[in-house]
There are 2 protein chains.
Amino acid sequence: MNKEFLYTEITNGLASQIRNGLLKPGDKLPSVRNLCHEHQISMNTAKRVFLELESQSLIESKPQSGYFVSPSLSVKLPLPEISRPSLIANNNEPDELISTVYENMGKSNLTLFSIAIPSGDLLPQAKLKKEIINATRELKSGGAEYEELQGNLKLRRMVAQRSLSWGGNFNENDLITTNGGMNALSFCLMALGKPGDTIAIESPCYPGILQLATGLGLKVLELPTHPAHGIEIEALKKAIPDIDICLLIPNFNTPLGSCMSDEHKKEVVKLLAENGIPLIEDDVYGDIYFGAHRPKCCKSFDKEGNVLYCSSISKTLAPGYRVGWIAPGKYKDKILKLKLLHSTSSISIVNEAVANFLKTGRYDKHLQQLRRTLQSNYQNYVQTIVESFPEGTKISRPQGGLSLWIEFDKTIQTRKLYDLAIKQDISIAPGRMFSLQDQFENCMRLCIGLPWSETIQEKLKQVGVLAKTI
Amino acid sequence: MNKEFLYTEITNGLASQIRNGLLKPGDKLPSVRNLCHEHQISMNTAKRVFLELESQSLIESKPQSGYFVSPSLSVKLPLPEISRPSLIANNNEPDELISTVYENMGKSNLTLFSIAIPSGDLLPQAKLKKEIINATRELKSGGAEYEELQGNLKLRRMVAQRSLSWGGNFNENDLITTNGGMNALSFCLMALGKPGDTIAIESPCYPGILQLATGLGLKVLELPTHPAHGIEIEALKKAIPDIDICLLIPNFNTPLGSCMSDEHKKEVVKLLAENGIPLIEDDVYGDIYFGAHRPKCCKSFDKEGNVLYCSSISKTLAPGYRVGWIAPGKYKDKILKLKLLHSTSSISIVNEAVANFLKTGRYDKHLQQLRRTLQSNYQNYVQTIVESFPEGTKISRPQGGLSLWIEFDKTIQTRKLYDLAIKQDISIAPGRMFSLQDQFENCMRLCIGLPWSETIQEKLKQVGVLAKTI
C-alpha cells in the first residue's frame, strides 16, 4: 500500500479516536516502535504521525515518557442542546440584525469570526492565477463567447470523477454548473417552490437559506436538530404532511458542524422519496472532513432522482470565482431552463480554470493541507475557549467544515456581545441570525477558517472576556 | 476642432442622411473639393469620408462623375406593420419552437442568423486576455475572495463616467453589478413582481424576457409597437390601469431594431412615474448606434428613481464574461438583497478585466470598429434581401443594434422556413418565438453580428430562395 496513504490513514485514525473520546485526555499513546510494528511502517513514518498529531495540539510529548493525549482537552465542554424550535412555520426575520452584521463587515482591520469561508491566505492563489491564464489560452475566443448551457464539460467530468471515490457516483450529464453554491440553491428553490409552500430545514440554519426561502415567499419550518448528528428523523416524520420541500446541509452543517451518519441519510432520503417531497442537499463543506474519509451524501442513496445535490468550490478553493454545480436528478430540465433565463451561461474562464486545477491533482494536495489547518485551528479554538470563555459555555464538536457553534448560559445575549465585540474590531455571528424564531439568543457561530496566530488567539480570548461582562 | 472627430462627424452625418432618405438613391454627393470647403477639412480627410461611406456600401463612385448614393438601395423595401397584439394578457408560450431552435444551435457548422450577439471574430479577444491576466495580478488574492456586494468599484466608476457623455448621468453609487444583462433583468423582475402581476412589454419581444416573466408567474401584456419608433404611447396609456410593471428595450430593440425618440422616452417615463408603475429599461444595445451619437436612455429622464436601468457588455465585448449592471433607482436595497441571496457576489476577475479595458480607452476604438462593421453588415444584408427574398418582403430599418426584423407575405410561415433552413445548416429565429400569442408567424429575426463574407451572403440568399418555395 502507498506509504503516503498509510501515513494519512494512521494519523487520521488516531486523531478520530482522540476526538471521539476513545483515547482520553492524559492517555498514553503507543510508542514509536509499537506503531511501526503494528502498521508495518518505517520509524520515519511513525515519527511523522506523532509530529502531525502534536502540530494539531491533539497530543503532547513528555520527555523520556512518550506521547500523551493533550490535557488541554481534559476540561471537556458539553455539547449545545438539541434545538427545540416551535413547529409552526415562522417568518420572523432578524432583518435588522443581519443588516448590522453585514454592513459592519466592510470595516477595515476587522477580525471576521462571523463568516464561514476560508481566509484568503489559505487559498492556493498563485496556482489558481496560472490556471486562469491557461484558461484564457485554451478556451475558444479566450472565453469571450457563451459556453454550453449545462456548463464546462471538463469541470463536470472532473466533479463526476471525484465523486466516484466517496459515493457521489455522478456522471458528467447529471451535473449543471452554477455561479456558486447559493446560485445553485436559488435555482433549486425556484424550480421546486411556489409562494405559500412550506420548506423544512435544520435549526439553527444558515441565514442565506432562510432569507432566500422567505424571499421566494416560502413558509419555513425549522426542525429540531442534534448538534452532532443533524436533523431529528422523528420530527421530520411528523412534519411530512405539512411540507413541500426539504433542504439540508448533511455534512458539516453551518452553523452546527453536525454530520448525519450514512444510516440517517439513507432513512431521510427514503422517507422523503416515499412522500414525494424533493430534498435539496447542500454539500459545500463535504470535502473538508477532519476524519479519515469524506462522508457520503444523501444523493448517494437517491434511487429516484428525488435529491437535488448542490455544491461548490467556494469553501475550499476560491469563493470569488463563484463556481458551483447541481446534480438535479429528475429536475434537470427545470434547472436548465432557470439557468438559461436567469443567467444565460456560466463564466467560462473561472470554470475552465477550476476544471484544470482539479485535473492536476493539486486540489487533493491543497485539500489535505486545508483540512489539516482547519483541524488544528479547531483544536486551538477549543483550547482558547476552554481557557477564556465564561463558565457554562457549550460548544459543538464539528468533524469537519468551517463553523463552531457556541451556546452560552441563558443570561448571555450574543446580540449584546456582538455590540461589545464590534467596538473592538471583532465580528461574531449572533445565534438569532440563524432562525426565523426568537431562539439561539445565547448562541453564536465562530468561523475557524482564519489562519491561527497570536492575534487571532488574543481576539478570541477577548470575545470570552467580553462575554463574561454581560 | 479635432481632425478625427470632424472626420467621424461628417461621415456619420452623411450616412444618416442616406439612411433617412434625405439623400436618395442615385443622388450625387458633393465633390471632394466642395466637402473640403464646406467643412474646412483637408483633401485627405474628405477622401477618407467617401472611402468609408463606400466601404459601407452606402455610396458608389462613377468614373469622371464623382460619388452617388448606391442604387442597390433604390428598391426600398417597406417597413413591417405596426404590431397589433391582442390586448388581453396571454401566456401561450411557444415552448416547443424555442426548444427546437435552442437545441439545434448545438449543431456544428451552423450559420447562426438566430441569435443577437456579435460573432467571436468581432471581439477584441487578445486585448481582453491581457486584461484578465492583469486582473489576476492586481486583485487582492488574485480574485479568489468575494468582492464587495455592490460590485467592482472601478467598473462602476467607469460605467458611470461613460454615461455622462450621453445623458445617463449615473454615479458609481447608483450602480450594482450583475452576472450579465439577463441576470440584471431577473433581479429587477424578482424585486418588483409577484405572481399574478401584469407586465407590459413591446411586441414582438425578446423570448428570454417572455420566458423570464412567465417563469416568475407574471401575466404578460404585449403592446402595439412601431418597427422604427417603439412602443405606442396611446396603447400604453390605455393599459395603465391593468399593469404593475413595464419593461422596454428603448434603444435598438431586439428583434425590431426600433429606437424611441427622446420625446417619446420622456413621455413614457413621466406617464409611468405618475402612475407609480416602475419601468425596467434594458439598454444592452445602446452603445451600438449607427448614427452620429449614442441615444439617451429612459433613465436620463427619470427624476424619481422609478426607472431600473439594466445594461451589460455582452453585446459589445464578451458575452461569455457575464458582466452587467443595474442602476436601480429607489429599488437599490431590494436589488442588493436579491444579489446577495441569489449569487452572493459578482466574479471579480472578469469585472476587473472589463473595468480596466474600459479605462484604457480601447473600448471606444473597439466600439467604433464594431459599429462600422455592423452598419456595413446591415447594408449588405439589405442588398442581399432586396435581391433574393420573395416579393412582398418588408424589413425593419434599425439605426443600431444587432437585429433585423423581416416580415414576409402572410402565406410564408417562418416555422416552415426554419425547418427547411436548418436542413441546410442555417438557423433563423421564427417570429412566433417573440410573442406569447399566435402572431408574427410570417416574420423572423436575423442577426447582423456575423462577419460578412461570401459564405454568409450565400447562406442569406439561400434563406430567400427557400422562402420562395413555401
Side-chain angles (χ1 to χ4, degrees), chain A residues 102 106 115 117 119-121 123-126 128-130 132-133 135-137 139-149 178-183 185-187 190 194-195 208 211-212 215-217 314 317-323 337-338 340-350 353, chain B residues 102 106 115 117 119-121 123-126 128-130 132-133 135-137 139-149 178-183 185-187 190 194-195 208 211-212 215-217 314 317-323 337-338 340-350 353:
Chain A
Y102 274 98
I115 48 170
I117 48 167
S119 149
D121 306 317
L123 308 175
Q125 298 178 14
L128 285 172
K129 277 185 206 175
K130 273 191 195 153
I132 291 283
I133 295 169
T136 64
R137 287 196 190 118
L139 282 168
K140 194 190 154 217
S141 314
E145 291 188 86
Y146 290 136
E147 61 169 38
E148 193 186 344
L149 177 59
T178 60
N179 294 323
M182 275 308 285
N183 185 229
L185 295 180
S186 135
F187 285 159
M190 285 202 272
K194 51 181 194 310
Q211 290 188 294
L212 186 60
L216 293 168
S314 301
L317 206 55
Y321 282 18
R322 315 306 305 122
V323 171
K337 189 169 176 185
L338 282 166
L340 177 66
L341 294 182
H342 293 270
S343 64
T344 314
S345 108
S346 298
I347 291 145
S348 308
I349 291 175
V350 282
Chain B
Y102 272 98
I115 48 171
I117 49 167
S119 151
D121 306 317
L123 307 175
Q125 299 178 14
L128 285 172
K129 278 185 206 177
K130 272 190 198 156
I132 290 282
I133 295 169
T136 64
R137 288 196 191 118
L139 282 168
K140 193 189 156 219
S141 314
E145 290 188 86
Y146 290 136
E147 61 170 38
E148 191 187 344
L149 178 59
T178 60
N179 293 322
M182 274 308 284
N183 186 228
L185 296 180
S186 136
F187 286 158
M190 285 201 274
K194 53 181 192 309
Q211 290 188 294
L212 186 61
L216 292 169
S314 301
L317 206 53
Y321 283 15
R322 315 305 305 121
V323 170
K337 188 167 178 190
L338 282 166
L340 178 66
L341 294 183
H342 293 270
S343 64
T344 315
S345 107
S346 298
I347 291 146
S348 308
I349 293 177
V350 283

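By convention in this document, chain letters (A, B, ...) are assigned in the order of the sequence lines, proteins followed by strands, and residues within each chain are numbered from 1. Model, not experiment: these values are computed from the prediction. Computed over heavy atoms, backbone and side chain alike; hydrogens, waters and symmetry mates excluded.
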Exercise for review: Can you tell which part of B:Leu139 gets under 4.5 Å to a heavy atom of chain A, answering side chain, backbone, both or neither?
Suggested key: neither
**Study point:** Proximal component of B:Leu123, with respect to chain A [non-hydrogen, under 4.5 Å]
**Key:** side chain
Examine whether an atom of [X] lies under 4.5 Å from a heavy atom of chain B, and if so say whether it belongs to the side chain, the backbone or both; otherwise answer neither.
X	result
A:Ser314	side chain
A:Phe187	neither
A:Glu145	both

Check your understanding: Heavy-atom distance under 4.5 Å between the side chains of A:Leu317 and A:Pro124, does that happen here?
Key ->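 A:Leu317 reaches A:Pro124 side chain to side chain.
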Practice item. With the side chain counted from C-beta on, respond yes when A:Gln211 and B:Lys337 share a heavy-atom pair under 4.5 Å apart, and no when they do not. Key: yes
Pick from [options]: which one has the most heavy-atom pairs with chain A under 4.5 Å?
options	answer
B:Met182, B:Lys129, B:Glu148, B:His342	B:His342
B:Ser345, B:Gly180, B:Ser348, B:Ala135	B:Ser345
B:Ile349, B:Asn183, B:Ile347	B:Ile347
B:Ser346, B:Gly143, B:Gly208	B:Gly143
B:Asn179, B:Val323, B:Leu216	B:Asn179
B:Ala318, B:Gly181, B:Ser141	B:Ser141

**Study point:** For chain B, the option from A:Leu338, A:Leu149, A:Thr136 that forms the most heavy-atom pairs under 4.5 Å
**Key:**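 Sorted descending by pairs with chain B, the first entry is A:Thr136.
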Practice item. Select, from A:Asp121, A:Val350, A:Ile132, the one with the greatest count of heavy-atom pairs under 4.5 Å involving chain B. Key: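 Ranked by contacts with chain B, first place is A:Ile132.
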Practice item. Provide the closest heavy-atom pair for A:Leu128 versus B:Ala144 in the form atom of the first, atom of the second, distance. Key: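 Heavy atoms only, the tightest pair is CD1-CB, 4.5 Å.
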Practice item. Please determine, by modelled atom types, if B:Ser343 and A:Arg322 share a side-chain donor-acceptor pair under 3.5 angstrom. Key: no
Check your understanding: From B:Leu212 CG over to B:Met190 CE, what is the distance, rounded to the nearest 0.5 angstrom?
Key ->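 Reported to 0.5 Å precision, the distance equals 8.0 Å.
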